[in-house]
Amino acid sequence: MTGSAAHATSGHEWSKAAGLSGTDDFVGQYRNSDGQTAYCTDFDKLAPLYAEDYDGGHSGPFVRSDGQALSTQENAALSYLLNRWGATSNNEDAAAVQLSVWAMTSPGMAWGSPKMKKFLAHEDLPDRVVHRAKSMTRTAHDNAGPYSVRIILGDASGSGLIGKAAVAVLGAGGSPVEGLKVKAKVDGGFTFGNGKSTTSWTSGARQQMLQLERTALGSGGVRITVPETPDGGVHWLEPAHGDAQRLLTASVLQPRKAASELSALPAFQPKVTTKTSAAKVEPGGQLHDILKVSVAESGQNSPTRWLHQPTTGDPLSMEVTSTLWGPLDQKPGLRNAIPDKTPKVGTVVTRVDGPGTYKTPSLTVAGPGYYVWTGTIDPASTRPQQAARFVEPWQSKFGIADETTLVPWKLKVRTELSQHEVVVGDSVTDLVTVSGLPETASSQDRGRIRLTMYGPLEQKLDERLDAPEKAPVFAEVRVPANNGQQRSGTFGPFTESGCYTVVASYAGDERTLPYTSAYGIPDETVCVSPKPQPENEPEPPEHTQPAAAAGTPKGPEPSAQEPTISRPQQLAETGASLNLMAAGGIMATGLGLSCGILSWRRRT
């Protein structure tokens, strides 16, 4: 302002506040008795002393003394200048502000103009003040409004959890602006990193990073306020005397606000990989399930780590409910749902509290068949209970190969030969009674039962588990492996005497255990005797005609064709002897007949 302004009396309402005295002029701010700070705007006019009085003030876009209205961007820059540095009490800063105001508002005083150069050379102000003034002008234009507030919520740990907020106050060009007071408030289940719900800072050329800490699993919000953002206008005073300068008092301020909702903790998806404790067990054995617990990567916004209680840091826990199904006749196929009417062994519960490997309680399996585990997680089992809504349910499929156990079927075979004593040349068959095979497979799938007959054996047979290593094999017969009773093919005919015994065996299949019967079972043993030779009938003894007794009539003479029977000499000695011999001949003949009948009966 002109040199006369430098001589304003102290008794006037406006007095010098902060600034520098040049060669002829005071360059800086004025302050009235009410503490209001102001800067002169019309360089060629008189100081406030000559105004006599000022009106109540005006607000809006500024118009220069030559009638040229400042552009929107120029008004915004002027407003920013006054808002950021206008209230300074530093002499050099106040002088720099005044130089910048004249450069923006006074005709012919733009930076680099002859008029400004002449003024600076005449006043001999410090170079640093001039540099400071030019920098303020550039910064004001670069950071001019209109303004907006940007909030970016981010993941602080790569876990999918909101853990930070990036806040920036943006100017007209979309870049962060400096020097504006910013306040932040968070509510709901959150605090800032300092444990408080409010914080404040002055905006800078980079966005402000706010650390967010959860105090609960629920939702919340972060709200940003810039109470004083310079709008596209200023406040100024008009003098009563038109030759005095107008006074710029302050920016037109308008608060800017922004808010972002901090959603409730996104529900995470537990993942369980399961495997049965054994692929095959005996009837009456025990099974448990092995659980490998982790977190599924189910979505972009889902957490990738196990959730913890924000207040205690303890992990959430939940129950894995495991059900063992069976017995099933067939190996189950993979499917999403459990088939209707599937038999169930039982259910066990395992509480898990984070990634790791867990073992369920055991269940006992009884009869033969296939058994398969399934598992579920119900969010309602989550502890603490209020965290249940942050857990997604989980359910395994039915028929997973690693979850399937086989309790093999055990074949039961009872056999008995059709005869146990025969003779060479005879044959026998075996009556085979089978039980214990699965009913759902055909005999073609099951194979056949082999009946191996060992013999002939000379030694006495004793029942034993295995056949002797050198026991001769007489024959093999096979029958279908079917439940029920059936007659085998023929063993024989036997060509040698001795004892023979049959061993039944079954090789087994995918579902059925191998089977071998004992060796030497009495019901499976037959002894073969030599075939008896037919007996010859004895020839009747030769009989002589007894001599006629004295006085006995003489019979007819033998024919010339009949043989003459010679009698022993002694037969003629006495009649008593003859009679005895005759009787003996009759007895001998009867004995021969009796022996023949006995021999016939034995053969029959």
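Computed from heavy atoms alone, side chains included, the values below leave out hydrogens, waters and symmetry copies.
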Inset, instruction - Would you tell me whether T501 and T525 have side-chain atoms, one donor and one acceptor, within less than 3.5 Å of each other? - result: yes

Inset, instruction - Applying salt bridge (Lys or Arg N to Asp or Glu O under 4.0 Å), run through K410 and E282 and close with a yes or a no. - result: CA-CA 10 Å; K410 285 188 175 182; E282 293 290 319; 3.2 Å; yes

Inset, instruction - Give a yes or no answer on whether the side chain of Q486 reaches the backbone of T433 with a donor-acceptor pair at less than 3.5 Å. - result: no

Legend entry - Between S59 and H235, a side-chain donor and acceptor under 3.5 Å: yes

Inset, instruction - Keeping the roles fixed (side chain from Y358, backbone from T350), state whether a donor-acceptor pair exists under 3.5 Å. - result: no

Legend entry - Heavy-atom check, side chain of W394 versus side chain of V272, under 4.5 Å: yes

Inset, instruction - Ignoring hydrogens and angles, state whether a donor on the side chain of T229 or Q254 is under 3.5 Å from an acceptor on the partner side chain. - result: no

Inset, instruction - Decide, yes or no, whether a salt bridge links E261 with R223 under the criterion of side-chain N to carboxylate O below 4.0 Å. - result: yes

Inset, instruction - Could you tell me whether the side chains of N75 and Y80 share a donor-acceptor contact shorter than 3.5 Å? - result: no

Legend entry - Pairwise distance CD1(I338) to CZ(F398) - rounded to 0.5 angstrom: 7.0 Å

Inset, instruction - For residues A518 and E463, report the shortest heavy-atom separation together with the two atoms involved. - result: CB-OE2, 3.9 Å

Inset, instruction - Flag yes if more than 12 heavy atoms outside L334 fall under 6.0 Å of its CG atom; otherwise flag no. - result: yes

Legend entry - Beyond-backbone contact of L180 with P230, side-chain heavy atoms, under 4.5 angstrom: yes

Inset, instruction - Measure the CG-CD distance between D93 and Q29 for me, rounded to the nearest 0.5 Å. - result: 10.0 Å

Inset, instruction - Hey, could you give me the CG/CG distance between D430 and L417, rounded to the nearest 0.5 Å? - result: 4.5 Å

Inset, instruction - Walk me through it: do Q386 and L217 pass the test side chain to side chain contact (heavy atoms under 4.5 Å, CB included)? - result: CA-CA 8 Å; Q386 62 268 26; L217 297 174; 5.7 Å; no

Inset, instruction - Please check if any side-chain donor atom of Q385 sits under 3.5 Å from a side-chain acceptor atom of R383, or the reverse. - result: no

Inset, instruction - Kindly indicate whether the side chain of V320, heavy atoms from C-beta on, has any atom under 4.5 Å from the side chain of V349. - result: no

Legend entry - Side-chain donor-acceptor contact under 3.5 Å, Q207 with R150: yes

Inset, instruction - Would you indicate whether the side-chain heavy atoms of M453 and V473 approach each other to under 4.5 Å? - result: no

Inset, instruction - May I ask you to check whether Y519 and Y454 place their ring centres under 6.0 Å from each other? - result: yes

Legend entry - Main-chain N/O of P227 paired to T225 side chain as donor or acceptor, under 3.5 Å: no

Legend entry - Residues V169, V182; criterion side chain to side chain contact (heavy atoms under 4.5 Å, CB included); working and verdict: CA-CA 8 Å; V169 181; V182 186; 3.7 Å; yes

Inset, instruction - Give, for atom OG1 of T360 and atom CG of D289, the distance between the pair rounded to the nearest 0.5 Å. - result: 5.0 Å

Legend entry - Electrostatic pair R128:E92 at N-O distance under 4.0 angstrom: yes

Inset, instruction - Indicate yes or no for a side-chain donor-acceptor contact from T404 to the backbone of I400 under 3.5 Å, with no hydrogens or angles considered. - result: yes

Inset, instruction - Would you kindly say whether D509 and T512 are connected by a side-chain donor-acceptor distance under 3.5 Å? - result: yes

Inset, instruction - Keeping the roles fixed (side chain from S396, backbone from G375), state whether a donor-acceptor pair exists under 3.5 Å. - result: yes

Legend entry - Shortest non-hydrogen separation from E178 to A205 and the atoms involved: CG-N, 3.6 Å

Legend entry - Trace of the side chain to side chain contact (heavy atoms under 4.5 Å, CB included) decision for L363 with H288: CA-CA 6 Å; L363 290 173; H288 64 269; over 6 Å; no

Inset, instruction - Verify, without hydrogens or angle tests, whether Y515 (side chain) and I449 (backbone) share a donor-acceptor contact under 3.5 angstrom. - result: no

Legend entry - Passing option when L210 is tested against T199, N194, L153 for side chain to side chain contact (heavy atoms under 4.5 Å, CB included): T199

Inset, instruction - Identify the two heavy atoms, one from N336 and one from Q395, that lie closest to each other, and give their separation to 0.1 Å. - result: O-NE2, 4.2 Å

Inset, instruction - Kindly compute the distance separating CG (L248) from CG (L78), expressed to the nearest 0.5 Å. - result: 5.5 Å

Inset, instruction - State, with a plain yes or no, whether a side-chain heavy atom of K359 is found less than 4.5 Å away from one of L291. - result: no

Inset, instruction - Check step by step if side chain to side chain donor-acceptor pair (under 3.5 Å) holds for T405 and T276. - result: CA-CA 7 Å; T405 298; T276 185; 3.0 Å; yes

Legend entry - Close side-chain approach of V167 and V149, heavy atoms under 4.5 Å: yes

Inset, instruction - Decide whether T415 and E524 meet the rule of one side-chain donor and one side-chain acceptor closer than 3.5 Å. - result: yes

Legend entry - Pair D329 + R511: basic N to acidic O under 4.0 Å: no

Legend entry - Considering all heavy atoms, the nearest A133-A96 contact: CB-O, 3.3 Å

Inset, instruction - With side chain to side chain contact (heavy atoms under 4.5 Å, CB included) as the test, would you mind laying out the steps for V432 and V413 before giving the verdict? - result: CA-CA 7 Å; V432 182; V413 180; 4.1 Å; yes

Inset, instruction - First locate atom CZ of R132, then atom NZ of K134, and finally report the distance between them rounded to the nearest 0.5 Å. - result: 14.5 Å

Legend entry - Over all atoms of both residues, closest heavy-atom pair of S79 and G233: OG-O, 3.2 Å

Legend entry - Side-chain (T312) to main-chain (D314) donor-acceptor, under 3.5 angstrom: yes

Inset, instruction - Mind telling me whether H58 and W236 have parallel, tilted or perpendicular rings, with 30° and 60° as the class edges? - result: parallel

Inset, instruction - Ignoring hydrogens and angles, state whether a donor on the side chain of T202 or K181 is under 3.5 Å from an acceptor on the partner side chain. - result: yes

Inset, instruction - Would you check if V479 and L451 make a side-chain contact, meaning some heavy-atom pair closer than 4.5 Å? - result: yes

Legend entry - The single option from T342, T374, T347 passing side-chain hydrogen bond (donor to acceptor under 3.5 Å, both in side chains) against T323: T347

Legend entry - Backbone N/O of L437 and side chain of N483: donor-acceptor pair under 3.5 Å: yes

Inset, instruction - Mind running ring pair (Phe, Tyr, Trp, His ring centres under 6.0 Å) on Y371 and W325 for me, showing each step along the way? - result: CA-CA 5 Å; Y371 295 81; W325 305 90; over 10 Å; no

Legend entry - Shortest non-hydrogen contact from S381 toward R351: O-NH2, 3.0 Å

Inset, instruction - Find out whether T274 and W373 are in side-chain contact, i.e. whether some heavy atom of one side chain is under 4.5 Å from a heavy atom of the other. - result: no

